[in-house]
Amino acid sequence: MDAHRSESADVKLERENVLQVLRGDWVAAVRGITLVSVDDNELVIAQDIDQSDVNGVGAAHSGVLYTIADTAAGITANALEPGTQWLTDTATIHHQALAHRGDRLTATSKLVADGDGTRRFETTLRSSAGDVIAILDSVQVRIESEDAEDPA
């Protein structure tokens with residue numbers, strides 16, 4: 001078991017918190033990312049891959065894949081505790097297969113470790129056929145809100 005594995009039962013995803021974060025996410029809106037489902041432990045979003053998402057050889061651009069997966073992790077991180085802000089600190093994406101125009105990709109993100117001001121998420125990106133396209137391992141760090149009062 002991970003030494004920083006979350007044992008906290010009070011950190012759960014709630015649909016309304018997810019919707020609030022998603023409503024303010026213009027990148028998700030422009031990309032056509034939609035919410036599929038939310039439960040206590042994971043979030044699922046989706047995006048249809050169209051012509052603007054593919055590279056010169058007809059496969060979905062890896063930057064598009066990263067954006068979908070990172071969006072899922074970011075929404076999950078920021079929806080767990082309303083009023084907190086989290087930012088991707090590090091992320092590694094492991095590509096498993098190609099995605100193509102016409103695929104509907106889903107990204108399933110879940111919290112796998114909870115530390116002091118950091119959280120690690122695993123996000124699995126799947127094709128419409130259920131094939132694993134990529135897995136994103138990301139660490140999110142808690143940041144101070146712009147609205148926080150200046151202590152000076």
Spatial distance of atom CD (Gln51) from atom CG (Asp53) [nearest 0.5 Å]: 9.0 Å

Any donor-acceptor N/O pair, Asn78 side chain to Trp86 backbone, under 3.5 Å: yes

Between the side chains of Glu42 and Lys12, is the shortest nitrogen-to-carboxylate-oxygen separation below 4.0 Å, so that they form an ion pair? no

Stepwise side-chain contact (heavy atoms from CB on, under 4.5 Å) check, Thr124 with Val132: CA-CA 7 Å; Thr124 304; Val132 175; 4.1 Å; yes

Would you call Arg120 and Asp137 a salt bridge, taking side-chain N to carboxylate O under 4.0 Å as the test? yes

Can you measure from NE2 (His61) to CG (Asn55) and round to the nearest 0.5 angstrom? 6.5 Å

Measuring from atom OG of Ser109 to atom CG of Leu125, what distance do you get when rounded to the nearest 0.5 angstrom? 11.0 Å

Has Thr123 got a side-chain atom pairing as donor or acceptor with Ala72's backbone, closer than 3.5 angstrom? no

Trace of the side-chain contact (heavy atoms from CB on, under 4.5 Å) decision for Thr34 with Ile45: CA-CA 5 Å; Thr34 58; Ile45 60 172; over 6 Å; no

With sequence neighbours left out, the residues meeting side chain to side chain contact (heavy atoms under 4.5 Å, CB included) with Asp70 are Tyr66, Thr88, Leu136, Gln140

Pair His100-Val54, side-chain contact (heavy atoms from CB on, under 4.5 Å): steps then yes or no: CA-CA 7 Å; His100 298 91; Val54 298; 5.8 Å; no

Derivation and outcome, side-chain contact (heavy atoms from CB on, under 4.5 Å), residues Leu80 and Leu13: CA-CA 5 Å; Leu80 282 170; Leu13 277 173; 3.9 Å; yes

Quick one: do Arg119 and Glu81 make a salt bridge, cutoff under 4.0 Å? yes

Can you check whether Leu105's main-chain N or O pairs, donor with acceptor, with Asp103's side chain at less than 3.5 Å? no

